[in-house]
A.B. asks: 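Take this structure first; my questions come after.
Basis for what follows: all heavy atoms, side chains included, without hydrogens, waters or symmetry-related copies.
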Amino acid sequence: MYTVPDQTGRLIVVTGANSGTGKEATARLAAAGAHVVMAVRTPAKGEQARAEILAKHPEAQLTVRRVDLADLNSVQQFADGLLADGTPIDVLVNNAGVMAPPSRMSTADGFELQFGSNFLGPFALTVRLLPLVLAAPAPRVATMSSGTANYGKIHFDDLQWERRRYSPNFSYAQSKLADLLMAQRLAALAGERGWNLRSTSAHPGYTTTNLQSAGASLGRDKPKRSLLNSLDFLPKQGVGQGAEPLLFAVADPGAVNGGYYGPGGRFGLVGPTAPTRITRRALDTAVAVRLWAEAERLTGVRLAAVHH
């Protein structure tokens, strides 16, 4: 088990904090002394998760707040609430995501659901909260990607899967490659602008959470077995181990700006945390710059307007 370093006095925002790796990370960060804002789409589920964590860690400081990353209005309201509080954010953890819904679905703003929820929402949230993040003494933004990013491709001609035949898995892979490109671009911006910020990323390997089944059952009564949840022959691990690369990216002194962490064991799917090779596509600076500009255009949230 990875031991999270002391987080006393730190404010950490975790999206998708009510289940899976987000809930596990929240519990362990709070147990290490952090005050965690549990950013969740459904407050009732957030409160239930909060109660479960408090039962094990009575001293935990946990606040539940609502954000729906598939709705840019909700992202703005959530960010405005934190900006009004004015407390510096030591770490923003972009963890929440949806995975492989069987048919093409849309966000409140008309984006393809996975690209919107997994990338554009977190992008808008990150840029809006940057003033509070940069106000912290040693801030980080940690973004959850996925091994699927390795076969992802950014389709600039059709980011929303409106022209080509929708693929749940390739669409998911595109959104997770976009997350990795965002993390890399933010790391580069920190260097260029002299920000004392570490932008890190992680992937959970093959961790069994409700992500596999929840995505595949969106809009259906019975979950359909998608490719991603039928890989029963592969080595897999529980959420305790699966959250550790993210915890390392969030809290470890050894995590570097631009670093990417995942399981170091078989096929990079299980085992203790290690630095992970970043796919060449995520290291393409021109693509990262173009994607960032496209995200600014699509969300209407721009870095210059938010932070000077």
A.B. asks: Where do Ser199 and Asn257 come nearest, in terms of heavy atoms and distance?
C.D. replies: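 Ser199 and Asn257 have their closest heavy atoms at N-OD1, 2.7 Å.
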A.B. asks: For Glu47 and Val64, indicate whether the former's side chain and the latter's backbone hold a donor-acceptor pair under 3.5 Å.
C.D. replies: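 No.
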A.B. asks: Just wondering, are more than 12 heavy atoms of other shown residues or ligands nearer than 6.0 Å to CZ in Arg41?
C.D. replies: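 12 or below, so no.
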A.B. asks: Are the side chain of Gln237 and the backbone of Gly271 linked by a donor-acceptor contact shorter than 3.5 Å?
C.D. replies: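 Yes; judged by distance alone, with no hydrogens or angles, the pair exists.
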A.B. asks: Would Val250 and Arg140 satisfy side chain to side chain contact (heavy atoms under 4.5 Å, CB included), going step by step from the backbone distance to the final call?
C.D. replies: CA-CA 7 Å; Val250 166; Arg140 296 188 191 190; 5.8 Å; no
A.B. asks: Indicate if Val93 and Leu125 have the same hydrophobic cluster label, given that clusters are the connected sets of ILVMFWY residues with side-chain heavy-atom separations under 4.5 angstrom.
C.D. replies: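 In one cluster: no.
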A.B. asks: Do Leu303 and Val133 sit in one hydrophobic cluster, given that two such residues count as connected whenever their side-chain heavy atoms are within less than 4.5 Å of each other, even indirectly?
C.D. replies: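 The answer is yes; both residues are in one hydrophobic cluster.
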A.B. asks: When rounded to the nearest 0.5 angstrom, what distance separates CD in Glu112 from OG in Ser117?
C.D. replies: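 Glu112 CD to Ser117 OG: 8.0 Å, rounded to 0.5 Å.
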A.B. asks: Give a yes or no on whether Tyr260 and Leu181 share a hydrophobic cluster (residues Ile, Leu, Val, Met, Phe, Trp, Tyr; joining criterion: side-chain heavy atoms under 4.5 Å apart).
C.D. replies: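 Cluster IDs for Tyr260 and Leu181 differ.
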A.B. asks: Walk me through whether Thr8 and Asp6 qualify under side chain to side chain donor-acceptor pair (under 3.5 Å).
C.D. replies: CA-CA 6 Å; Thr8 304; Asp6 182 27; 2.6 Å; yes
A.B. asks: Among the clusters formed by ILVMFWY side chains lying less than 4.5 Å apart, do Phe119 and Leu69 turn up in the same one?
C.D. replies: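 Both belong to a single hydrophobic cluster.
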A.B. asks: What are the two closest heavy atoms between Leu246 and Asn95, and how far apart are they?
C.D. replies: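 Closest heavy-atom pair between Leu246 and Asn95: CD2-OD1, 3.8 Å.
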A.B. asks: What do you reckon, is CD of Glu162 surrounded by more than 12 foreign heavy atoms closer than 6.0 Å?
C.D. replies: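 Enclosed: over 12 neighbouring heavy atoms sit under 6.0 Å from CD of Glu162.
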A.B. asks: Nearest heavy-atom pair of Gly258 and Ile278: which atoms, and what distance?
C.D. replies: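 Where Gly258 meets Ile278 most closely, the heavy atoms are O-CD1, 3.7 Å.
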A.B. asks: Apply the test side chain to side chain donor-acceptor pair (under 3.5 Å) to residues Asp68 and Ser74: give CA-CA distance (whole Å), side-chain angles for both, the deciding distance (0.1 Å), then the verdict.
C.D. replies: CA-CA 6 Å; Asp68 183 354; Ser74 172; 5.7 Å; no
A.B. asks: Is any side-chain heavy atom of Ser145 closer than 4.5 Å to a side-chain heavy atom of Leu177?
C.D. replies: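 No, their side chains stay 4.5 Å or more apart.
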A.B. asks: Taking Ala149's backbone N and O only, do any of them form a donor-acceptor pair with Arg281's side chain (distance below 3.5 Å, no angle check)?
C.D. replies: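 No, Arg281 side chain to Ala149 backbone: no donor-acceptor pair under 3.5 Å.
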A.B. asks: For Glu294, check side chain to side chain donor-acceptor pair (under 3.5 Å) against everything at least two apart and list the hits.
C.D. replies: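 Per chain and number, Glu294 pairs via side chain to side chain donor-acceptor pair (under 3.5 Å) with Arg297.
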A.B. asks: Is Leu269 reachable from Phe248 through a run of hydrophobic residues whose side-chain heavy atoms are each under 4.5 Å from the next?
C.D. replies: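 No, no single cluster joins them.
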A.B. asks: Taking all non-hydrogen atoms of both residues, which atom of Val301 and which atom of Arg128 are closest, and how far apart?
C.D. replies: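 Shortest heavy-atom contact: CG2-NH2, 3.5 Å.
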A.B. asks: Within this structure, what is the OH-CG distance for the pair Tyr172 and Leu113, rounded to the nearest 0.5 Å?
C.D. replies: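 Output value for this atom pair is 12.0 Å.
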A.B. asks: For Phe170, is the CZ atom crowded, meaning more than 12 foreign heavy atoms sit under 6.0 Å from it?
C.D. replies: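 Open: at most 12 neighbouring heavy atoms sit under 6.0 Å from CZ of Phe170.
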A.B. asks: Mind checking whether Leu298 and Phe123 have side chains closer than 4.5 Å, heavy atoms only?
C.D. replies: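 No - every pair of side-chain heavy atoms lies 4.5 Å or more apart.
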A.B. asks: Less than 4.5 Å apart, side chain to side chain, heavy atoms only: is that true for Gln114 and Pro101?
C.D. replies: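 Side-chain contact under 4.5 Å: yes.
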A.B. asks: Could you give me the CA-CA distance, side-chain angles and deciding distance for Arg185 and Met182, then say whether side chain to side chain contact (heavy atoms under 4.5 Å, CB included) is met?
C.D. replies: CA-CA 5 Å; Arg185 182 67 194 132; Met182 173 176 80; 5.8 Å; no
A.B. asks: First locate atom CD of Gln48, then atom NZ of Lys23, and finally report the distance between them rounded to the nearest 0.5 Å.
C.D. replies: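 Output value for this atom pair is 7.5 Å.
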A.B. asks: Indicate yes or no: at least one non-hydrogen side-chain atom of Asn169 is less than 4.5 angstrom from one of Thr148.
C.D. replies: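 Counting from C-beta outward, Asn169 and Thr148 never come under 4.5 Å.
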A.B. asks: Are any of the side-chain heavy atoms of Tyr261 and Ser201 separated by less than 4.5 Å?
C.D. replies: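 They are not in contact (no side-chain heavy atoms under 4.5 Å apart), so the answer is no.
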A.B. asks: Just how far is it from atom CD1 of Ile89 to atom CZ of Arg10, taken to the nearest 0.5 Å?
C.D. replies: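 Ile89 atom CD1 to Arg10 atom CZ measures 12.0 Å (nearest 0.5 Å).
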A.B. asks: Nearest 0.5 Å, what's the CZ-CD distance between Arg302 and Glu296?
C.D. replies: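 Reported value, rounded in 0.5 Å steps: 6.0 Å.
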A.B. asks: Which atom pair, heavy atoms only, marks the closest approach of Ala49 to Met38?
C.D. replies: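 The answer is CB-CE, 3.8 Å.
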A.B. asks: Apply side chain to side chain contact (heavy atoms under 4.5 Å, CB included) to Leu132 and Thr87, showing your working.
C.D. replies: CA-CA 7 Å; Leu132 287 181; Thr87 311; over 6 Å; no
A.B. asks: Evaluate the criterion side chain to side chain donor-acceptor pair (under 3.5 Å) for residue pair Asp252 and Tyr2; output intermediate values, then yes/no.
C.D. replies: CA-CA 10 Å; Asp252 203 273; Tyr2 174 69; 2.4 Å; yes
A.B. asks: Using a 3.5 Å distance criterion without hydrogens, assess whether the side chain of Asp71 forms a donor-acceptor pair with backbone atoms of Asn73.
C.D. replies: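 Yes.
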A.B. asks: Can you find a heavy atom in the side chain of Leu29 that is under 4.5 Å from one in the side chain of Leu247?
C.D. replies: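 Touching, per the 4.5 Å side-chain cut-off.
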A.B. asks: With rounding to the nearest 0.5 angstrom, report the CG to CZ distance, Asp158 to Phe115.
C.D. replies: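 So the CG of Asp158 and the CZ of Phe115 are separated by 10.5 Å.
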A.B. asks: So, Arg28 and Glu24, do they make that salt bridge, N to O below 4.0 Å?
C.D. replies: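 Yes, Arg28 and Glu24 are salt-bridged.
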A.B. asks: Side chain to side chain donor-acceptor pair (under 3.5 Å), that's the test. Do Thr42 and Asn18 meet it? Break it down for me.
C.D. replies: CA-CA 9 Å; Thr42 312; Asn18 61 293; over 6 Å; no
A.B. asks: Starting from the C-alpha separation in whole Å, work towards a yes-or-no answer on salt bridge (Lys or Arg N to Asp or Glu O under 4.0 Å) for Lys176 and Asp179.
C.D. replies: CA-CA 5 Å; Lys176 289 291 150 184; Asp179 284 338; 3.1 Å; yes
A.B. asks: Spell out, as yes or no, whether a donor-acceptor pair under 3.5 Å connects the side chain of Asn196 to the backbone of Leu134.
C.D. replies: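 No, the answer is negative, given that no donor and acceptor are paired below the 3.5 Å cut-off.
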A.B. asks: I'd like to know if Asp157 pairs up with Arg164 as an ion pair, taking the criterion as any Lys NZ or Arg NE/NH1/NH2 lying under 4.0 Å from an Asp or Glu carboxylate oxygen.
C.D. replies: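 A salt bridge links Asp157 with Arg164.
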A.B. asks: If you compare all heavy atoms of Tyr166 against all heavy atoms of Trp161, which two are closest, and at what distance to 0.1 Å?
C.D. replies: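 Looking at all heavy atoms of both residues, the shortest contact is CA-CE3, 3.9 Å.
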A.B. asks: If you link I, L, V, M, F, W and Y whenever their side-chain heavy atoms are under 4.5 Å apart, who else ends up in the same group as Val289?
C.D. replies: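 Listed partners: none, Val289 stands alone.
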A.B. asks: Show, in sequence, the C-alpha distance, side-chain angles and deciding distance for Arg65 and Leu82, and conclude whether the side chain to side chain contact (heavy atoms under 4.5 Å, CB included) test is met.
C.D. replies: CA-CA 10 Å; Arg65 293 206 183 189; Leu82 287 171; 3.8 Å; yes
A.B. asks: Are the side chains of Phe78 and Val13 in contact, using a 4.5 Å heavy-atom criterion?
C.D. replies: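 Answer yes - side chains close enough.
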A.B. asks: If we only count heavy atoms from C-beta on, is the Pro204 to Met144 side-chain gap below 4.5 Å?
C.D. replies: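 The answer is yes; the side chains approach within 4.5 Å.
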